Amino acid sequence: LRRGPSISKLVVLFAVSSSGGLVAYADSRSNYFAESSQGPPKKKLVVLGTGWAGTTFLKNLDTSQYDVQVISPRNYFAFTPLLPSVTCGTVEARSIVEPIRNIVKKKGGQIKFLEAECYKIDPTSKKVHCRSNIGTNMDGNGEFMLAYDCLVVALGAKANTFNTPGVVENCHFLKEIEDAQKIRRSVMNCFERASLPNLTEEERRKNVHFVVVGGGPTGIEFAAELHDYVTEDLAILYPGVKDLVKISVIEAGDHILTMFDKRITKFAEEKFQRDGIDLKTNFKVVKVSDKAITMSNRSTGEFSLPYGMVVWSTGIGTRPVMLDLMKQVNQAGRRVLATDEWLRVLGCSDVYALGDCATISQRRVMEDIAEIFKVADKDNSGTLTVKEIKDVLDDICVRYPQVELYMKTKQMKDFSDLLKESRSNAKLESIELSIEDFKKALCNVDSQVKNLPATAQVAAQQGEYLAQCFNRIKECEENPEGPRRIRQPGRHRFRPFRYKHLGQFAPLGGEQAAAQLPGDWISIGHSTQWLWYSVYASKQVSWRTRMLVVSDWARRFIFGRDSSCI
Ligand code: FAD
């Protein structure tokens, strides 16, 4: 976090925007501090996005130090891990959203929220260009510009279609609250359509064929939710079509839930098989028309299946505003914006990026790993004992949990086996290994460490970390040699961001879930589902949403899910 000049002059300009509308913006020429009506001038901090990263940042920020403006096209925070539950009415949409203005109010109203979308970030002139979808200024185009001293970019990501023809037009996505509500309506419409008179059995079957593309956690959770909804509620309400319902999951890889431990993948695949969910692994979707989904596989070639509804859940892509920013800061061609370990965007100043739209630069991570080896090799011998290697790996895995997953792949098998064996054989622990050999085996790690997982966990931890840094900047500036500052030359005054992996869940339906906890702890079954309930209840952002979510779960247990097409 860079230190800005102590004084700056603020010039407030009124200018006519490029589209002709009257816009007002503040332009700080030499830099920083915005004039404030009361008290000393404060830095102008603009935050883009009110998702996991943006909201956690705001909640932890000492807003008395900054003049904060928040821009987002939605005026609420959505608890995304419960979105699949919204698709089937297990919880209501309003139960998992918290109005941003509630959060602002709790901060003593020191944050200004503007419901608008940022369509351009200009890091050279330190301005963001925004557009309100509800229209504001005189010519009604709702465009305005904001100047910033510091910019926090937490814009998240959009669904990735891999440019597959027909996906945008014909598939549902599961990213936003509106998506989940649309899916809920669409599921009910499919059942109602299949129940209409004068339909052939084939037409009825088509209507209640639900296809999920993508075998990642979101796709699998949705398929499991839908299966529960059908078997527990809709089968009773639609006896005429219940036996025609089919749920298919299409996955391009060999297995589903590949980011989880193999035991979880195996359990999930077997459970889906028992539940009658059709798992099509090694199938690539090539196009989607309004009637059928076409896929291909090496052995079967290309073929089409008629469907009633398709949910597309194959990971995340980059928002256009981020692509534009990447071009400006010489990061064109990347999938996500690269930052350093302090979350500063590489290639420009005073811009920070976190959450799904950014990642810590791979080169930086590899340098960090090299540094860990250097520190471990105290006698500069170029060798480490198995015991030391174990410690090094523990350290790397704590910082970069993706490496932990990589350790289970075949390139690292020899080392992993040796490490495992040494657990039962103390003598093996003293065997010396060349660091170079070990690094060679680790070299493919590049591709594994390049991105932290795009999860709420990462986004929230980054939001909290960055807020803590922002809270301390003033103190560090006033007291540069103070205890918080790391005095060694060339060192940053704050510790770098370190991700702490707390584990991940995969709800599998039928009141069963799987959890992979730190230290390779695996838990699967009904008790894990209760753990899931308690964790997600405790993680709610307010007591209001916590109460709503818990009461929705209770309502579902007592009365079942609501099947109206509202
Ligand atoms: P988001 O939360 O997506 O927030 C982005 C924000 O930017 C939003 O407020 C958006 O309105 C705003 N925005 C977008 N465009 C603009 C613009 N042009 N201008 C201004 N603002 C803009 N993670 C887990 O850890 N555990 C889970 O169980 C889990 N389950 C998930 C289930 C589903 C269905 C989905 C979709 C995701 C799930 N995730 C889960 C992933 C998690 O939701 C994301 O990693 C997380 O939301 C990323 O946070 P973010 O702040 O980067 O982005």
Side-chain angles (χ1 to χ4, degrees), residues 46-58 69-87 96-98 100 103 113-121 128-133 146 151-160 172-180 183 212 214 216-222 225 259 311-325 336-337 343 353-359 451-464 466 499 501-507 513 515-516 532 535-536 539 541:
V46 173
V47 180
L48 302 177
T50 53
W52 276 96
T55 305
T56 318
F57 173 77
L58 290 172
Q69 285 183 312
V70 184
I71 316 289
S72 177
R74 59 184 208 205
N75 71 353
Y76 56 82
F77 162 81
F79 192 87
T80 47
L82 288 182
L83 272 183
S85 305
V86 173
T87 59
I96 64 162
V97 303
E98 181 68 12
I100 279 299
I103 295 167
F113 173 75
L114 302 172
E115 188 178 312
E117 170 191 20
C118 166
Y119 64 89
K120 188 171 176 68
I121 298 167
V128 288
H129 299 246
C130 307
R131 185 188 300 124
S132 160
N133 296 331
L146 287 175
L151 177 68
V152 172
V153 183
L155 292 173
K158 65 178 186 105
N160 194 355
H172 288 273
F173 299 104
L174 186 47
K175 269 300 284 148
E176 307 285 342
I177 287 283
E178 296 85 2
D179 297 334
I183 292 175
V212 182
T218 302
I220 293 306
E221 192 179 340
F222 169 66
E225 269 282 347
M259 60 296 298
V311 173
W312 189 272
S313 171
T314 57
I316 54 171
T318 321
R319 291 192 192 278
V321 58
M322 295 304 295
L323 289 173
D324 179 68
L325 176 62
V336 275
L337 195 63
L343 311 183
L354 55 164
D356 283 3
C357 68
T359 190
N451 296 320
L452 276 172
T455 61
Q457 221 180 116
V458 173
Q461 285 182 27
Q462 288 184 331
E464 193 179 340
L466 194 63
Y499 170 57
H501 188 57
L502 302 173
Q504 52 187 349
F505 281 103
Q516 186 168 338
W532 182 90
V535 169
Y536 281 103
K539 292 279 172 200
V541 286

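Just follow the structure's listing: the first ligand is 1, and inside any ligand the first atom is 1. Below, all heavy atoms of this structure are taken into account, side chains as well, without hydrogens, waters or symmetry copies. Only a predicted model underlies this, so the values are computations on that prediction, with no experimental measurement involved.
Atoms of ligand 1 lying under 4.0 Å from any heavy atom of Cys118, numbered from 1 in the order shown and given with element: 17 (C), 18 (N), 19 (N), 20 (C). Near Gln457, the atoms of ligand 1 lying under 4.0 angstrom from a non-hydrogen atom of the residue are 25 (O). Heavy-atom contacts of Ile71 reach the following atoms of ligand 1: 20 (C), 21 (N) (cutoff under 4.0 Å).
Using a 4.0 Å cut-off between heavy atoms, Thr218 contacts ligand 1 through its side chain alone, with no backbone atom that close. Within the 4.0 Å heavy-atom criterion, both parts of Pro81, backbone and side chain, lie near ligand 1. When non-hydrogen atoms are compared, ligand 1 lies under 4.0 Å from the backbone of Thr455 as well as from its side chain. Only the side chain of Arg319 comes within 4.0 Å of ligand 1, judged by heavy-atom distances. When heavy-atom distances to ligand 1 are checked against a 4.0 Å cut-off, Tyr536 comes that close only through its side chain, counted from C-beta outward.
Checked against a 3.5 angstrom limit, the closest N/O atoms of Ala459 and ligand 1 fall outside it. Distances between N or O atoms of Glu117 and those of ligand 1 include no value under 3.5 Å. Residue Gly51 places at least one N or O, backbone or side chain, under 3.5 Å from an N or O of ligand 1. The N/O atoms of Gly355, backbone and side chain alike, include none that comes under 3.5 Å of an N/O atom in ligand 1. Checked against a 3.5 angstrom limit, the closest N/O atoms of Gly54 and ligand 1 fall outside it. Of the N or O atoms in Ala456, one or more lie within a sub-3.5 Å distance of an N or O in ligand 1. Checked by distance only, ligand 1 and Thr50 come closer than 3.5 Å through their nitrogen or oxygen atoms. Residue Trp52 has at least one N or O atom closer than 3.5 Å to an N or O atom of ligand 1.
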Test side-chain contact (heavy atoms from CB on, under 4.5 Å) applied to Gln462 and Leu466, step by step: CA-CA 6 Å; Gln462 288 184 331; Leu466 194 63; over 6 Å; no
Candidate pair Thr50 and Asn75, rule side-chain contact (heavy atoms from CB on, under 4.5 Å), full reasoning: CA-CA 8 Å; Thr50 53; Asn75 71 353; over 6 Å; no
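By the 4.5 Å heavy-atom criterion applied to side chains, Thr359 and Leu337 are not counted as neighbours.
No more than 12 heavy atoms of other residues, nucleotides or ligands sit less than 6.0 Å from atom NZ of Lys539.
Between the choices Leu155, Leu502, Val535, the shortest heavy-atom distance to atom 16 (C) of ligand 1 belongs to Leu155.
Nearest heavy-atom pair, Ser313 versus Thr218, reported as atom, atom and distance to 0.1 Å: OG-CB, 3.6 Å.
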